[in-house]
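Everything below concerns the one structure shown next.
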Amino acid sequence: MIELKSVNKKYGRKKVLQDVSFTADKGNITCLIGINGVGKSTVLKAIMGLTPIDGGSILIDGMPVGKTIYEHIAYVPDNITMPPSMTVGASMQFMKDFYVSWNEERAEEMLTFFKLKRTDRIAELSKGNTAKLNLLHGLSLDVEYVLMDEPFSGIDMFSREQIASVFTSKLVEDRGVIITTHEINDIEHLIDEVVLLDNGTVTRQFNCEDMRMEHGKSVMDVMREVYHG
Ligand SMILES: Nc1ncnc2c1ncn2[C@@H]1O[C@H](COP(=O)(O)OP(=O)(O)OP(=O)(O)O)[C@@H](O)[C@H]1O
């Protein structure tokens, strides 16, 4: 379980996260939802230790992990971090050399599934193919948790469908996944848990199925209540 306890974060004097607490379980897809600028990316970066926090704690399976974080969690950012001149194949080789948890078989499987070409340069990839390569990099690591920042943002319907199918496949099955989005419509059916963020604070956390069964409400219904009163 990934557990955030009263996490606070400031950029300069600006409070970006205030007392953020939530949990994300293994085997679940937890979705951090909020409009632009509420602090979703900052939460993921804080979990990865990519930005220091100013208070609170972050535990992975009950332990603060520090420098060993990459043995437990893969982080899929919303932009590609590899050099643009690199080919798809070279980027996979780089990941293989860098991470002991790299799973070559799974990487090859995803390369075929996403129909990516090994010889294509990163600079030449479409937005959808860039998102797919990013996902390939993250999901080919044998780790228990995966964090994905806006994996569906700005890509066409067919790429979205292809990426969505990954979420219901064995590639994700037993892992704990946290994804961020400001657009719930297309992915509501994929997610288990929702954490609503507003202005750097968690306004609600709930299980989608329970919400539907017990209150007859969709995630959109709850969002309307929270944001429009
Ligand atoms: N490095 C930084 N320095 C200063 N302010 C920052 C920095 N990174 C983010 N912020 C500010 O922190 C706030 C939260 O940003 P964050 O990127 O976490 O939001 P977000 O919910 O992920 O937004 P989006 O949906 O647009 O990606 C914003 O007001 C942003 O301007």
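This one's a predicted model, so the numbers in the text were calculated from it and none came from an experiment. Atoms within each ligand, like the ligands themselves, are counted from 1 in listed order. Only heavy atoms go into these numbers, but all of them, side chains included; no hydrogens, no water, no symmetry mates.
Shown here are the ring pair (Phe, Tyr, Trp, His ring centres under 6.0 Å) partners of Phe113, two or more places apart in sequence or in another chain: there are none.
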Margin query: Let's go through Phe167 and Phe152 carefully: what are the C-alpha distance in whole Å and the side-chain angles of both, what is the deciding distance for ring-ring contact (aromatic ring centres under 6.0 Å, His included) to 0.1 Å, and is it a yes or a no?
Written below: CA-CA 12 Å; Phe167 282 80; Phe152 295 96; 5.5 Å; yes
Ignoring hydrogens and angles, write down the donor-acceptor pairs under 3.5 Å from the side chains of residues 77-92, residues two or more places apart or on other chains.
from: Thr87; atom 1: OG1; to: Ala90; atom 2: N; distance (Å): 3.0
from: Ser91; atom 1: OG; to: Val88; atom 2: O; distance (Å): 2.7
from: Ser91; atom 1: OG; to: His137; atom 2: NE2; distance (Å): 2.9

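Members clustered with Phe158: Met157, by chain and number, using a 4.5 Å side-chain heavy-atom cutoff among hydrophobic residues.
Ionic pairing of Asp142 and Arg106 is present here: one or more N-O contacts between side-chain nitrogen and carboxylate oxygen are shorter than 4.0 angstrom. In summary, Glu109 and Lys170 engage in a salt bridge, as defined by a charged side-chain N under 4.0 Å from a carboxylate O.
The 4.0 Å heavy-atom shell around ligand 1 contains residues Tyr11, Lys14, Val16, Ile35, Asn36, Gly37, Val38, Gly39, Lys40, Ser41, Thr42, Glu150, ordered by chain and number.
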